[in-house]
Amino acid sequence: MSMIAAFYGGKSILITGATGFMGKVLMEKLFRTSPDLKVVYILVRPKQGQTLQQRVFQILDSKLFEKVKEVCPNVHEKIRAISADLNQNDFAISKEDMKELLSHTNIIFHCAATVRFDDHLRHAVQLNVTATQQLLLMASQMPKLEAFIHISTAFSNCNLKHIDEVVYPCPVEPKKIIDSMEWLDDAIIDEITPKLIGDWPNTYTYTKALGEVVVQQEGGNLNIAIIRPSIMGATWQEPFPGWVDNLNGPSGLIIAAGKGFLRSIRATPMAVADLIPADTVVNLTLAVGWYTAVHRPKSTLVYHCTSGNLNPCNWGKMGLQVLATFEKIPFERAFRRPNADFTTNNITTHYWNAVSHRAPAIIYDFYLRLTGRKPRMTKLMNRLLRTLSMLEYFVNRSWEWSTYNTEMLMSELSPEDQRVFNFDVRQLNWLEYIENYVLGVKKYLLKEDMAGIPEAKQHLKRLRNIHYLFNTALFLIAWRLLIARSQVARNVWFFIVSFCYKFLSYFRASSTLNV
Ligand SMILES: CCCCCCCCCCCCCCCCCCCCCC(=O)SCCNC(=O)CCNC(=O)[C@H](O)C(C)(C)COP(=O)(O)OP(=O)(O)OC[C@H]1O[C@@H](n2cnc3c(N)ncnc32)[C@H](O)[C@@H]1OP(=O)(O)O
Ligand SMILES: NC(=O)C1=CN([C@@H]2O[C@H](COP(=O)(O)OP(=O)(O)OC[C@H]3O[C@@H](n4cnc5c(N)ncnc54)[C@H](OP(=O)(O)O)[C@@H]3O)[C@@H](O)[C@H]2O)C=CC1
């Protein structure tokens, strides 16, 4: 019997960010392995005209929860959605709901965050720092609380090269930042943001670092642990390989590459691609929840959930495997044939952006205009290039994350728990994982049918022929222009033609002799 699964039995668990990518995988695993848990409280905000209940039903209706519904048929009764907005005071939770949460919660998993790299500093601070502070305050009033697990990111200290499993201080105290956000106006915040974030690349990583400091400073006597996942990708094994439901991290770029929009990227092929499957993160998170509650470590332990130091893969290898998978499993209605040019140089980046991205978009928009349709490709391409520029920082550097605590935890688990809550990334076969990831993107993000693969392959063949035809026409036009202007080019042309003629005559004569 799994000790971890048994631990969660009968427990009341509070999850923030349960409607997000990680939150859903976390909930799924919890219900599948501990169907006898008492209740899962999730803090949800109404969104896109959907009520809380509609949002919960939409999650439970997804393929991700198919197995759960077999193991725990009354799962919908065990999820208690609480209306909350983490941007508001006391999260805008009603008095009754608050009372229930405070008196029953045993474990908190704090996953909610804004993960947008370019979020306004005020908003990023509100969600990633102030909300964490408020949640800690709530936690301190929960008499039955056994553990508070805070999800951070391995990139919260990406301004360092080697990162240990410790909380690093920030140049400006989080409390001062929180205070200043209350009275500074947006224009001033915009002005001071670059100075405040210093050598962090964006407001996301900076505010996640501040959030960790808040957890350490204001955790009081709570049993707290911090988990730092690197780049979370599709699931590796559970509940099935390749599940993914948003465009963050590599997923959006895999779509852009598979559809032929993205054909070159400014990335260092040898830089470590520190991806980590979402189910691995969730397994570690649940194991940490158990360990923190049962063993009550004296200080706040930080756990790195990364792959680079145990089983490294690099961006070059990843790009090649993604392309190889497109050969087998192409995406439908691609704009161009998928291709991957990795460049680290400024000039070649501009060149490839002009030739591989902007020029085809302009030509296609011209074609759309000619056929009376609205041009849209240039706009899409500009957005893609903007996204690429934001991700560049992460694909041109490598970091070293130490994993002592994570490895210590692994050794503390029983063989059964090591199997059920496997977070040993050394067992991951990258080629297989990436292939399943691409397949998952096709199935669960693009919602494309596998039956369409032969047609998609035909489409790619047509694109290849158009490509050859286009290049040949371009070459002939360029050549024609050149020989019209240059005597040297004309001489070369006559030399090639007469050489070919002689070769053919010789070939014809020798084949006549052979007969
Ligand atoms: C050469 C070929 C290659 C071949 C092979 C290629 C595969 C192999 C190579 C793979 C290298 C991977 C590198 C990953 C590095 C990640 C490092 C993470 C480190 C930290 C990890 C963490 O700890 S934490 C999670 C990370 N946090 C994000 O990853 C959020 C990012 N994101 C945003 O910060 C905002 O999104 C941003 C972008 C500002 C736009 O902002 P914005 O306002 O302009 O646009 P919106 O967000 O409103 O989106 C507008 C439209 O862009 C669509 N879209 C949104 N994201 C998209 C995306 N990533 N790729 C495509 N498309 C995306 C969206 O679906 C909309 O499409 P539509 O309009 O059609 O609905
Ligand atoms: N994805 C990744 O690659 C990585 C993620 N992480 C961390 O993991 C955690 C989960 O990330 P992930 O699942 O990818 O993120 P998502 O963006 O998928 O999910 C974010 C969650 O936070 C909720 N949320 C945001 N704002 C509010 C608000 N004002 N009130 C209530 N809820 C809110 C969202 O709710 P709603 O559905 O209503 O928007 C959603 O449930 C985050 O802490 C992130 O920093 C760490 C490393 C890598």
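The figures here come from the full heavy-atom set of this structure, side chains too, leaving out hydrogens, waters and symmetry mates. Residue numbers count from 1 along this sequence. For ligands, and for the atoms within them, numbers begin at 1 and follow the listed sequence. Predicted, not measured: the structure shown is a model, and the values here were computed from it.
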Candidate pair T193 and D190, rule side chain to side chain donor-acceptor pair (under 3.5 Å), full reasoning: CA-CA 5 Å; T193 297; D190 284 341; 5.0 Å; no
Main-chain N/O of E432 paired with N429 side-chain donor or acceptor, under 3.5 Å: yes
For N87, the ligand 2 atoms whose distance to one of its heavy atoms is below 4.0 Å: 29 (N)
Near-ring test W401/F155, centroid separation under 6.0 angstrom: yes
NZ/K78: more than 12 non-hydrogen atoms of other groups inside 6.0 Å: yes
Expected output: side-chain W236 to main-chain T280 donor-acceptor under 3.5 Å: no
For ligand 2, the portion of Y204 having any non-hydrogen atom under 4.0 Å away: side chain
Over 12 non-hydrogen atoms of neighbours within 6.0 angstrom of NZ in K161: yes
Per-atom contacts, ligand 2 versus A113 - under 4.0 Å to a heavy atom: 20 (C), 22 (O), 25 (C), 42 (C), 43 (O), 45 (O)
Region of I151 that comes within reach of ligand 2 [heavy atoms, distance under 4.0 Å]: both
Per-atom contacts, ligand 2 versus C111 - under 4.0 Å to a heavy atom: 9 (C), 10 (C), 42 (C), 43 (O)
Residue part near ligand 2, for K208, under 4.0 Å between non-hydrogen atoms: side chain
Polar proximity ligand 2 side, L43 side, N/O cut 3.5 Å exclusive: no
Within 6.0 angstrom of F57 CZ, more than 12 heavy atoms from elsewhere: no
Backbone N/O of Y168 and side chain of E212: donor-acceptor pair under 3.5 Å: no
T114 near ligand 2 by a heavy-atom separation under 4.0 Å: no
P229 heavy atom under 4.0 Å from ligand 2: yes
Part of N246 within contact of ligand 2 (heavy atoms, under 4.0 Å): side chain
Within 6.0 Å of CE in M270, more than 12 heavy atoms from elsewhere: no
Atoms of ligand 2 close to T153 [distance to a heavy atom under 4.0 angstrom, numbered from 1]: 46 (C), 47 (C)
Those atoms of ligand 2 less than 4.0 Å from some heavy atom in F21: 13 (O), 14 (O), 18 (O)
For ligand 2, the portion of K24 having any non-hydrogen atom under 4.0 Å away: neither
Residue selection (non-hydrogen contact nearest atom 27 (C) of ligand 2) among M22, R55, R45: R45
Worked check of side-chain contact (heavy atoms from CB on, under 4.5 Å) between Y433 and Q321: CA-CA 10 Å; Y433 173 69; Q321 182 59 12; over 6 Å; no
S152, portion touching ligand 2 at heavy-atom distance under 4.0 Å: backbone
Ligand 2 contact on A131 by region, counting heavy-atom pairs under 4.0 Å: neither
N/O donor-acceptor pair under 3.5 Å between D85 side chain and N87 backbone: yes
4.0 Å heavy-atom contact, G233 with ligand 2: no
I231 N/O to ligand 2 N/O under 3.5 Å: no
Proximity of L127 to ligand 2 by residue part, where a heavy atom lies under 4.0 Å: side chain
Ligand 2-proximal atoms of K47, by part, heavy-atom distance under 4.0 Å: side chain
Cation-pi geometry met for K67 and F240 (6.0 Å, 45°): no
